[in-house]
There are 2 protein chains.
Amino acid sequence: MTTEDRSAGGQSRAPTIKDVAALAGVGVKTVSRVINNEPNVRPEKQARILEAVERLNYRRNTSASSIRRLDQRTASIGLVVEDLANPFASLLARVVQDYALERQHLVLVGSSDGVADRERELVAEFCARRVDGLLIVPSGTDQSYLEAERRRSVPVVFVDRPGRRIKADTVLSENDRGVREAVHHLTRHGHSRIAYLGDRQSVYTAAQRIAGYRAAMEELVAGVDTRYVRTGLRDSTSAYQAALDVLAQAPAPTALICGNNSITAGAVHAMHKLGVRNRVAVIGFDDLELADLLQPALTVIVQDIATIGRRAADLLFEQLKDPTDGYRRIAVPVTLIPRGSGEIPTPDDKTGR
Amino acid sequence: MTTEDRSAGGQSRAPTIKDVAALAGVGVKTVSRVINNEPNVRPEKQARILEAVERLNYRRNTSASSIRRLDQRTASIGLVVEDLANPFASLLARVVQDYALERQHLVLVGSSDGVADRERELVAEFCARRVDGLLIVPSGTDQSYLEAERRRSVPVVFVDRPGRRIKADTVLSENDRGVREAVHHLTRHGHSRIAYLGDRQSVYTAAQRIAGYRAAMEELVAGVDTRYVRTGLRDSTSAYQAALDVLAQAPAPTALICGNNSITAGAVHAMHKLGVRNRVAVIGFDDLELADLLQPALTVIVQDIATIGRRAADLLFEQLKDPTDGYRRIAVPVTLIPRGSGEIPTPDDKTGR
DNA sequence: TACGTTGTCGATAACGTTGTCAATCGTCGG
DNA sequence: CCGACGATTGACAACGTTATCGACAACGTA
């Protein structure tokens, strides 16, 4: 009991393996064995050690452990997203965390804001802490700097878009397929004048999506009417303007596909303004909270973010287990969820609805 | 040039301070000095060292550094939220990250899902990695286990709700004030039959919010009519049912306050179903994407999450700089944003609008 | 009984870094 | 020219852990 007092009263420094060994009356290596679940420790001694661990509230110092281990593992991984505050990134992070925690790993997270320098800074900080692997939503036009990390056998997996000037495992959504399907969906409801509002083409996913639009329009309709296409939309405000503009064309488009979340918001806003919410069909890429409470409810193409995160983490831990040379690219399907706004028929649609 | 080849070709292990020292032709301690910006290094030597660092792409090993330093600092902090995938948590995390990164710190994040054991597990893992401090959105009824960490001088700050059975710095929203103001707002538009839908009372914020409702109703109206109050609503489905139920009372309430996000969603859904969206006023706690696109647009009470995060990080880093004994509690104001749904007048309001 | 085999255990070195400290260098006043 | 004093430098120990390795015990076999 007196020892309890001493340990409880000890004021500052965390107990070490040495303290545990002393209290249990064994050598430090034996304590290490117990902590790491190594075999060949007599049960009786093991029990004594575990009791000491409990009593001192001992926790292994991962830092010290990792510098000494042969594999240098820290049991933590780094995740770089564009902006953790957005729903895609936060759900991705959540999934990755759960996956990692199940394997006793922790996740360091950082937001690059799409700025290449910030991405590099984050990666550098992660590597200073010797993360075991990196999950990156890449920004900028050059990820070749990651080669250095990979040479130190830190595996890298890209998420949402491929890295540039470097080959690595990658997990993507089937962006083009999604928009293709949206076009298809709209044509089935009689539309042919289908407009498209998209982000800057330099954004990989935006390029993929509009490519899907173009391909589908070529295939299913007469082709792309450039009057109905607007790109370079960075936010909902510019999307609002672009939507007003596109809907003012003559003849006006009868349907609208929006390349992302904020564009959808801006476009819906514009349709309200023009009073055409119930006449013009809309399909948005990415789901929105409350999308089903709008009138009409919003038809959307949703990404399977949970699967993306899980597959990416999968690839990372697989590489952690046994490093290989080949690079895999995984495409995760997207889903069109009809809720009303995408099923509005053409005004001149004789089939009705 | 030959050295370049050797270093570039070197296959696996990260370069150490020793490698840098060898390449620059100096002692390791001098390299350490340069890395840590310590004074008393001749500029010429410093330049040579920095060049070697550059050439080898050297990065200090934070783990090794932290076990040796006197303060044991790892320049990383731990953040436990309930669910990183929800907007509150993800914005909080984002803000905290930025704040930390500006000070060269990284953030380990974990989601407790409101499960006390998971919270403890996360904290334990964080502490194994010797984080310098902890930011916690506490779950469960007992955070006294954190005393042990604090004795090792790991500062703790609670966010969104206070920890139980332990005193520590805390940053909260003025939940009660927010709901109070909502009631006030509704009464100004002629309402007196104001219903309230809330989460389980065991949730701290939910209790605070309904307390604000009760206080305001006592003060401004005749008092609380229990037929108009429903609590224990865990999700939008149960909120949907509760809203249908409350709106079926006779006389029916003319206004509705929803205690959180998902309750608002459920309630709005129910109002659609009953066709009373334009007749019954609604105010929701917490903002929603697209809230301004609903018809009528949703009046909400929003928390200033960015400020909460910044203040919490502030407190943490302040404690890190110089540990003190006093515990502070910071209350961050909330704001009512009128958008339409909260300004619907009472049917029998003679003032009109 | 002698011997080999397997299981158990701890002393010690080592990981990459920083703290300590003594040695050396340079400068300045006398 | 000498001595003093501060700036500069690096050898070495130490941090908390794991890897290596030799010592010893327990057991079975010849």
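Order of the sequence lines fixes the chain letters, A, B, ..., with proteins taken first and strands second; residue numbering starts at 1 for each chain.
Between the CD1 atom of B:Ile67 and the P atom of C:dT18 there is a distance of 11 Å, given to the nearest Å. The interatomic distance linking A:Glu38 (CD) with D:dT17 (P) rounds to 14 Å, in whole Å. If you measure from atom CD of B:Gln46 to atom P of D:dA7, you get 16 Å, rounded to the nearest angstrom. Between the CZ atom of B:Arg48 and the P atom of D:dT8 there is a distance of 15 Å, given to the nearest Å. For B:Asn37 and C:dT17, the CG to P distance is 16 Å, given to the nearest whole Å. Remark: C1' of C:dT17 and CZ of B:Arg59 are 15 Å apart, rounded to the nearest angstrom. Atom-to-atom, CZ of A:Arg42 to P of C:dG7 comes out at 13 Å; the value is rounded to the nearest Å. For A:Arg60 and D:dC15, the CZ to C1' distance is 17 Å, given to the nearest whole Å.
Between A:Asn36 and D:dT18 there is a side-chain polar atom (N or O) within less than 4.0 angstrom of OP1 or OP2. Of the side-chain N and O atoms in B:Lys45, one or more sit less than 4.0 angstrom from OP1 or OP2 of D:dG10. The side chain of A:Arg68 contributes no N or O atom lying less than 4.0 Å from OP1 or OP2 of C:dA14. In this structure, A:Ser65 reaches the D:dT18 phosphate: one of its side-chain N or O atoms is under 4.0 Å from OP1 or OP2. For A:Arg69 and D:dA19, the shortest distance from a side-chain N or O to OP1 or OP2 is not below 4.0 Å. Contact between the side-chain N/O atoms of B:Asn40 and the OP1/OP2 oxygens of D:dT8 is found at a separation under 4.0 Å.
In summary, A:Asp98 and A:Arg94 engage in a salt bridge, as defined by a charged side-chain N under 4.0 Å from a carboxylate O. Under a 4.0 Å N-O distance rule, the pair B:Asp142/B:Arg164 does not qualify as a salt bridge.
B:Arg103 forms a cation-pi arrangement with B:Tyr99, by the criterion of a distance under 6.0 Å to the ring centre and an angle within 45° of the ring axis.
No side-chain donor from either of A:Asp160 and A:Tyr204 sits under 3.5 Å from a side-chain acceptor of the other.
No hydrogens or angles were tested; on distance alone, nothing pairs the side chain of A:Arg13 with the base of D:dG16 as donor and acceptor under 3.5 Å. For a distance-only test at 3.5 Å, the side chain of B:Lys29 qualifies as a donor-acceptor partner of the base of C:dG19. At a cut-off of 3.5 angstrom, counting only N and O atoms as typed in the model, there is no donor on one side facing an acceptor on the other between the side-chain of A:Arg130 and the base of C:dG16.
Projected onto DNA chain D by closest heavy-atom contact, A:Leu70 and B:Thr30 fall at different nucleotides, the more 5' of which corresponds to B:Thr30.
Side chain of A:Arg68 to main chain of A:Ser65: no donor-acceptor pair is present (N/O by atom type, distance under 3.5 Å, no hydrogens or angles).
Nucleic acid contact class of B:Arg33 (heavy atoms, under 4.0 Å, all strands): base.
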